[in-house]
Amino acid sequence: MRFDILSVLPELLESPLNHSIMKRAQNKGLLEVHTYNLRDYTTDKHRQVDDYPFGGGAGMVMKCEPIAACMDELLAERSYDMVIYTSPDGVTLDQHLCNRLSMMDNVMILCGHYKGVDERIRETYITMEVSIGDYVLSGGELAAAVIVDSVGRLLPGVLNDESSALSDSFQDDLLAPPVFTRPAEWREKKVPDVLLSGHEKNIDTWRYEQSIERTKKRRPDLYEKYLKG
Ligand code: 6GU
C-alpha cells in the first residue's frame, strides 16, 4: 500500500513513520510513504502556501495553486482509491475505517493547517475528510501519522504474529482483556490462575469474558455496538 502525504511541515511526519513497526513495514516493501512539501510546488518568489481569508477574520488559508500542482502531478502518475483531507470537520477515524483503508492500494492525504484549505480544493480533489477525534490539533500531520500507523499495521505481513491485529481492542467492537507477564506474583498481586493453567480453552473463555466486562464498564457505547453485531 502506498500513501502520498502533502504537507507544509513534512518534518513532523518523519519520526512517527520511520521507526518500529512502520519502519519494518516499509523495509519489507509492504508499505510506501512519500511526503511532499507544498512549498516546493509554489511559483512565487516568497514560496507562499497560505494567504489571508477573503471576507477577513483571523488566521490564514491554504492556497489552491501549490496543492493543485502537487496533486495534479501525483494524479497523472497513478489513480488513487481515496484523497483524504485531515480536518476536525471530518468523519472520525475508527477501526472500521482503518480496516477499509487497509484494503486500498493508493491513498493521498492532504494535511490541513492554519484555518484550513480553500474550499475549492475540497470540492475539486478531496473524496473523504477525516478527523482523529473531538479536539483540535495545530495541524493535520499528527492526524496523518495516526492514519498511516493504524492502517499500516493492518497490512498482511506487517505484524509478526498475523493473528495479533485480530485480537486488538476494537477489532470486534470489544476492548482487549488485561495482560500480564513475569513475575507471577508482584507486590503481593497474583496473576489470575487461569493464565498459568496452560488450559487454552479456559484461557480464551476468560479473556473473552474480561473483554466483555471491560467494554461494558468503560465503553458502554461500544458495548451497545457489540450487542447489535
Ligand atoms: Cl485531522 N486536524 C486537526 N487540525 N485537528 C484535529 C484533527 C485533524 N482531528 C482531530 N483534531
Side-chain angles (χ1 to χ4, degrees), residues 1-19 21-22 31-39 41-42 48-64 66-68 70-71 74 80-104 106-155 168-170 173 175 218-219 221-222 225:
M1 176 174 191
R2 171 183 177 123
F3 282 99
D4 289 288
I5 310 178
L6 288 60
S7 162
V8 291
L9 269 172
E11 299 86 351
L12 279 179
L13 293 159
E14 265 160 41
S15 174
L17 300 181
N18 290 306
H19 294 279
I21 292 170
M22 290 304 108
L31 173 70
E32 267 184 63
V33 184
H34 301 264
T35 61
Y36 305 86
N37 190 335
L38 287 169
R39 222 168 277 284
Y41 294 83
T42 53
Q48 212 181 336
V49 290
D50 60 344
D51 207 341
Y52 295 98
F54 277 122
M60 301 293 273
V61 176
M62 293 171 77
K63 288 167 66 66
C64 289
I67 296 167
C70 185
M71 287 193 171
L74 291 170
Y80 287 83
D81 302 289
M82 195 76 96
V83 180
I84 293 173
Y85 171 54
T86 60
S87 154
D89 311 345
V91 297
T92 310
L93 184 70
D94 64 9
Q95 196 61 38
H96 298 282
L97 180 52
C98 294
N99 291 342
R100 227 178 104 203
L101 290 170
S102 75
M103 288 181 253
M104 298 180 175
N106 300 306
V107 171
M108 203 189 300
I109 305 179
L110 169 64
C111 300
H113 241 270
Y114 315 113
K115 274 287 158 196
V117 68
D118 189 299
E119 188 66 20
R120 292 165 293 185
I121 287 293
R122 291 165 102 151
E123 292 166 4
T124 309
Y125 294 99
I126 304 302
T127 59
M128 180 178 251
E129 307 202 0
V130 178
S131 161
I132 61 164
D134 290 337
Y135 42 81
V136 179
L137 300 167
S138 339
E141 284 74 16
L142 295 180
V146 165
I147 295 170
V148 175
D149 185 291
S150 56
V151 173
R153 63 191 293 288
L154 297 175
L155 301 174
D168 285 341
S169 277
F170 298 116
D173 287 324
L175 301 182
R218 298 185 182 197
R219 291 292 304 276
D221 57 318
L222 267 190
K225 234 165 119 184

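Order of appearance sets the numbers: ligands from 1, and atoms from 1 within every ligand. Hydrogens, waters and symmetry mates are skipped; everything else that's a heavy atom, side chains included, is used.
- For ligand 1 and Ser131, the ligand atoms under 4.0 Å from any heavy atom of the residue are 1 (Cl), 9 (N), 10 (C).
- Val148 is listed as a side-chain neighbour of Leu31, based on a closest heavy-atom distance under 4.5 Å.
- In the candidate list Gly90, Gly133, Pro88, Cys111, Gly133 is nearest to atom 10 (C) of ligand 1, counting heavy atoms.
- Looking only at side-chain heavy atoms (C-beta outward), Met60 and Val49 stay at 4.5 Å or farther from each other.
- A distance of 9.0 Å separates CG in Asp81 from OG1 in Thr127, rounded to the nearest 0.5 Å.
- Annotation: Leu137 places an N or O atom under 3.5 Å from an N or O atom of ligand 1; distance criterion only.
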Next item on the list: Run the numbers on Arg122 and Asp89 for side-chain contact (heavy atoms from CB on, under 4.5 Å), then give the verdict.
Entry: CA-CA 12 Å; Arg122 291 165 102 151; Asp89 311 345; 3.0 Å; yes

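- In terms of modelled atom types and a separation under 3.5 Å, the side chain of Ser150 and the main chain of Ile147 share a donor-acceptor contact.
- Residue Ala143 has no N or O atom closer than 3.5 Å to an N or O atom of ligand 1.
- With respect to atom 9 (N) of ligand 1, the closest heavy atom belonging to the protein is Ile132 N, 2.9 Å.
- Residue contacts with ligand 1, taken as heavy atom pairs separated by less than 4.0 Å, involve Val130 solely via the backbone atoms N, CA, C and O.
- Closest approach of Gln48 to Lys63, counting heavy atoms only: O-CD, 3.6 Å.
- For ligand 1, the polar-atom distance check finds no N/O of Ser138 at less than 3.5 Å from any of the ligand's N/O atoms.
- Summary of contacts: the protein heavy atom closest to atom 1 (Cl) of ligand 1 is Ser87 N, 3.1 Å.
- Ion pair Arg120/Glu123 not flagged as a salt bridge, since none of the NZ, NE, NH1 or NH2 atoms sits closer than 4.0 Å to an Asp/Glu carboxylate oxygen.
- Atom 6 (C) of ligand 1 has its closest protein heavy atom at Tyr135 O, 3.5 Å.
- With ligand atoms numbered from 1 in the order given, ligand 1 contributes 1 (Cl) to contacts under 4.0 Å with heavy atoms of Thr86.
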